[in-house]
Amino acid sequence: MNDSVRYEVHDTDGVATITLDRPEKRNALDPDAIDGLEAAFAAAEAEDRARVLFVNGSGKDFCAGADIMHIEALVDATREALVADARRLGRLFVRMRRLPKPIVAAVHGNALAGGAGLATACDIVLASDDAHFGYPEIHIGFVPAMVMTMLVRCVGEKRAFELVTSGRRVGAEEAIAMGLVHCVYSRHTFADDSRAYAVELAARSATSLAMSKCLLYEIDEMTFEEGIERGAQVNADARQTEDCRAAVRAFLSRKIDREGP
């Protein structure tokens, strides 16, 4: 981690909190912030206490996208340097998708451009009722190239095309209707409500959460038949975990107690 990102794990609830901490820059993404996020995700993946990752932003916004000052600094860079710079964010998104623990985004204020991409790269997106999402790159002759892969998977081709070519912002209620967001909470209780969601998720079987996430994204690249076969393999793996065996024993024990001799 670094000065751009804060990371902490709570022993009692299994949630690792990752906070973008550049409020004076609206939590804009520069190389330090991206590196800090990647380091935080790596730390959480290796930390047994961390069963769910909770990503938020300090200050008024979740994340305003790329740091314009960083983009300006590379205005005369070679194409190779520009590709390498873009790949830094791409590596972060790939790490998030491959990380076996669920990642929950808690979005308040604005999540724009790369900030909207960061949110949609998470597995669950929670939003305050004052949150706004958008891909305004077209207004400066740019393309939301690094976030389009997540966007089209969330909302489909037609909606994705309209969002990136209009550059308009959408509020939380519209975002939930189009599939960008899972739950919307009142801004007045958002901090507590979003945190409670992450804590409840962390209380579930860690092995089941990990296997579910990995399978869900793995079958995205498979044919129907391949997905069914892979599901059979994971089904068998899940039955052999101690979490599953213990839950089955507990269920049968309760059933016997209810039915009596």
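As the structure is a prediction and not an experimental result, all values here were calculated from the model.
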N/O donor-acceptor pair under 3.5 Å between [X] side chain and [Y] backbone:
{"X": "Thr241", "Y": "Ala238", "answer": "yes"}
{"X": "Thr78", "Y": "Ala81", "answer": "yes"}
{"X": "Glu229", "Y": "Glu226", "answer": "no"}
{"X": "Ser208", "Y": "Ser205", "answer": "no"}
{"X": "Arg51", "Y": "Ala202", "answer": "yes"}

Contacts of type side chain to side chain contact (heavy atoms under 4.5 Å, CB included), residue Arg26, not counting sequence neighbours: Asp61, Ala64, Asn110, Leu112
Is the shortest heavy-atom distance from the side chain of [X] to the side chain of [Y] under 4.5 Å?
{"X": "Phe93", "Y": "Thr120", "value": "no"}
{"X": "Leu92", "Y": "Arg88", "value": "no"}
{"X": "Met222", "Y": "Arg230", "value": "yes"}
{"X": "Ile103", "Y": "Lys213", "value": "yes"}
{"X": "Val104", "Y": "Val52", "value": "yes"}

Just list the side-chain donor-acceptor pairs under 3.5 Å for residues 130-150, sequence neighbours left out, or say none.
from: Asp130; atom 1: OD1; to: Ser128; atom 2: OG; distance (Å): 2.5
from: His132; atom 1: ND1; to: Asp130; atom 2: O; distance (Å): 3.3

With side-chain contact (heavy atoms from CB on, under 4.5 Å) as the test, would you mind laying out the steps for Leu118 and Met96 before giving the verdict? CA-CA 9 Å; Leu118 177 64; Met96 294 170 68; 3.9 Å; yes
Least distance between heavy atoms, Tyr197 atom then Cys183 atom: CE1-SG, 4.1 Å
Derivation of the side chain to side chain donor-acceptor pair (under 3.5 Å) call for Asn56 and His108: CA-CA 8 Å; Asn56 63 4; His108 72 289; over 6 Å; no
Under a 4.0 Å N-O cut-off, is there an ion pair linking [X] with [Y]?
{"X": "Asp67", "Y": "Arg22", "result": "yes"}
{"X": "Arg168", "Y": "Glu162", "result": "yes"}
{"X": "Arg97", "Y": "Asp123", "result": "no"}
{"X": "Glu200", "Y": "Arg195", "result": "no"}
{"X": "Lys25", "Y": "Asp30", "result": "no"}
{"X": "Lys101", "Y": "Glu45", "result": "no"}

Please determine, by modelled atom types, if Asp32 and Ser4 share a side-chain donor-acceptor pair under 3.5 angstrom.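 No donor-acceptor contact under 3.5 Å links the two side chains.
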Give a yes-or-no answer on whether the side chains of His188 and Asp129 include a donor-acceptor pair shorter than 3.5 Å. no
For the CZ atom of Phe54 and the CG atom of Leu201, what is their distance to the nearest 0.5 Å? 11.5 Å
Gap between atom CG of Leu29 and atom CG of Leu37 - 0.5 Å precision: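 Taking CG in Leu37 and CG in Leu29, the distance rounds to 6.5 Å.
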hydrophobic_cluster_shared for Val152 and Ile219, side chain cutoff 4.5 Å: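 No, no single cluster joins them.
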